[in-house]
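Data first, discussion second: the structure below is written as structure tokens.
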There are 2 protein chains.
Amino acid sequence: MISLAEENYLKSIYHLSQAGSKSVLTNELAEAMNTKAASVTDMIKKLSTKEFISYEKYYGVNLTAKGKAVALSVIRKHRLWETFLVEKLAFSWDEVHEVAEQLEHIQSKRLIEKLDEYLGFPKVDPHGDPIPDNNGKIKALQQVMLATLKPGADSTIVAVRDSDSHLLKYLDKIGARPGKIIKVIEREEYDGSMEVSINNQRFFLSKEVSENILVNA
Amino acid sequence: MISLAEENYLKSIYHLSQAGSKSVLTNELAEAMNTKAASVTDMIKKLSTKEFISYEKYYGVNLTAKGKAVALSVIRKHRLWETFLVEKLAFSWDEVHEVAEQLEHIQSKRLIEKLDEYLGFPKVDPHGDPIPDNNGKIKALQQVMLATLKPGADSTIVAVRDSDSHLLKYLDKIGARPGKIIKVIEREEYDGSMEVSINNQRFFLSKEVSENILVNA
DNA sequence: ATATTATTTTAGGCTTGTCTAAAATAATAT
DNA sequence: ATATTATTTTAGACAAGCCTAAAATAATAT
Ligand SMILES: [Mn+2]
Ligand SMILES: [Mn+2]
Ligand SMILES: [Mn+2]
Ligand SMILES: [Mn+2]
């Protein structure tokens, strides 16, 4: 019915449109999918024919309701599997993303329902990302990059970007996990780096890192 | 590295050669793979080039050590996943095969090691089939089709064929599970059907059914 | 030993998903 | 308003995995 490649494209389009309505451009998608613009154009046509996306030549694509449902179903599976790997199989949070990239394509409604139940219907995955429910409803978390906070502010970590395992190892080391309170001590304007405190310990975070930590808005 | 299609071919070749040494013929493989002989010949050439099989034109194929290792690894994954689905997710034994056909292709050594551990290093899957160990060692069970037993004999069920969910539902209903003792009361020579007793209950089994129940030799 | 039949391989073609190079279009700068 | 640059699409090709039809080979029957 729907191929693995198609599912991955739809998922990428969803992420790039940040669940929003702005069109996703060919080159963005090419970069995200680690492929070439020409290949993206080819796939875009197929997805458009199948009505998973609406496509205006030269101006990018948007998910249809149908396409969004597929994307959310894949994301649901991804996040449930990540939760399973961490909670049940004792994986660390930096090891799960790649495996979940494979597991998210397993086709079995029954499996994902049973898995959800087995895990106790979790609301967020190990990185703090919300898990869409069975009907494709996802709770849009009010979140903002740590990088945008001003000195003096303190805030709770909501989620962290999950696809770079080196980043995750580092965040784990400094204790930057969802639920933790993080306080901005100082911020260097010229490079965007900041000093923060987590668990009463101080750390210097590069802009890079502080953009990958999401705190509540 | 190795594709899903290639893995499935190697698994099929393994099963058809019944872990033995007799060559597997093109048409056998075509039937098992639900494909055409011409397609099989194409794939056979690829697998031969990659040295997963030895191939003598017109006389069938045999797994190399390398090919056998791949086949056993896929079978190991299949059976561990089936065990997981039944033991942890409360699937019934007739629902697991199809899902396991997908899960067996997930590539992650770590995942399968963790899963094995999580399941307590099971030796057999829900249908009684032995699970190859991490090194590709598989315990060749001494087993024989129930159909070959003579009246009066009683024997323990070791395994049942796992790929027909209707058969499995039926076997479940009559209590024909691995570990159960089954006794042959009578056998009709003309159609190979037999009357048996399981748990002190009597059943008439067609030849079809009695060939899909494996008992210890 | 030869003819018939069954099996297997080859030839040529199709779809999916990818690529490079060239052409078309849009965006930006002068 | 036009020229330059950046982006996107088209054209043409390729590998994987499948197909049908035809040719080649092996097995079997006479
Ligand atoms: Mn992930
Ligand atoms: Mn995640
Ligand atoms: Mn099975
Ligand atoms: Mn089984």
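Values below: all heavy atoms of this structure, side chains included; hydrogens, waters and symmetry mates excluded. Just so we're on the same page: letters track the sequence lines, and every chain starts at 1.
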N or O in side chain of A/Asn27 less than 4.0 angstrom from D/dA6 OP1/OP2: no
When you check the phosphate oxygens OP1 and OP2 of D/dT8, does a side-chain N or O of A/Lys57 lie under 4.0 Å from one of them? no
Roughly how far, to the nearest 0.5 Å, is NE2 of A/His97 from CG of A/Asp125? 10.5 Å
Students often get this wrong, so: under 4.0 angstrom with heavy atoms, is A/Thr26 touching a base, only sugar-phosphate, or nothing? sugar-phosphate
Paired nucleotide for D/dA26 [Watson-Crick or G-U wobble; both distances under 3.5 Å]: C/dT5
With a 4.0 Å limit, can you tell me whether A/Ser39 has a side-chain N or O closer than that to the phosphate oxygens OP1/OP2 of C/dT18? no
Whole-Å distance separating the NZ atom of A/Lys36 from the P atom of D/dC14: 17 Å
Of the listed nucleotides D/dT9, D/dT10, C/dT16, the one nearest the side chain of A/Lys46: C/dT16
Can you check the A/Ile44 CD1 to C/dT16 P distance for me, whole Å? 17 Å
Distance-only side-chain donor-acceptor flag, A/Asn8 / A/His105, under 3.5 Å: yes
Under 4.0 angstrom, heavy atoms only, what part of the nucleic acid is B/Ala37 near: base, sugar-phosphate, or nothing? base
When you get a sec, tell me which of C/dG17, D/dA27, C/dT9 is the closest nucleotide to the side chain of A/Ser3? C/dG17
Upstream residue (5' side of DNA chain C) when B/Tyr58 and A/Lys50 are each assigned their closest nucleotide: B/Tyr58
Nucleotide D/dT9, atom C1' - distance to OH of A/Tyr55 in whole Å: 7 Å
Going from CD on A/Glu31 to CG on A/Leu25, what distance comes out if it is rounded to the nearest 0.5 angstrom? 12.0 Å
Can you tell which of D/dT10, D/dT8, D/dA21 lies closest to the side chain of B/Ala38? D/dA21
Check: A/Trp81 side chain, A/Val99 main-chain N or O, donor-acceptor pair, under 3.5 Å: no
Please check the phosphate of D/dC19 (OP1 and OP2 only) for any side-chain N or O of B/Thr35 closer than 4.0 Å. yes
Salt bridge check, B/Arg161 against B/Glu208: does any charged N sit closer than 4.0 Å to a carboxylate O? no
Please state how far atom CG in B/Asp42 lies from atom C1' in C/dT15, giving the value in whole angstrom units. 15 Å
C/dT16 P sits how many Å from A/Ile2 CD1, rounded? 13 Å
Expressed in angstrom and rounded to an integer, what is the separation of A/Tyr9 atom OH from C/dG17 atom P? 9 Å
Value in whole Å for how far the P atom of D/dA6 lies from OH of A/Tyr59: 18 Å
For C/dC19, the nucleotide meeting Watson-Crick or G-U wobble distances (both under 3.5 Å) is D/dG12
Whole Å only: how far is the CE atom of B/Met43 from the P atom of D/dA15? 16 Å
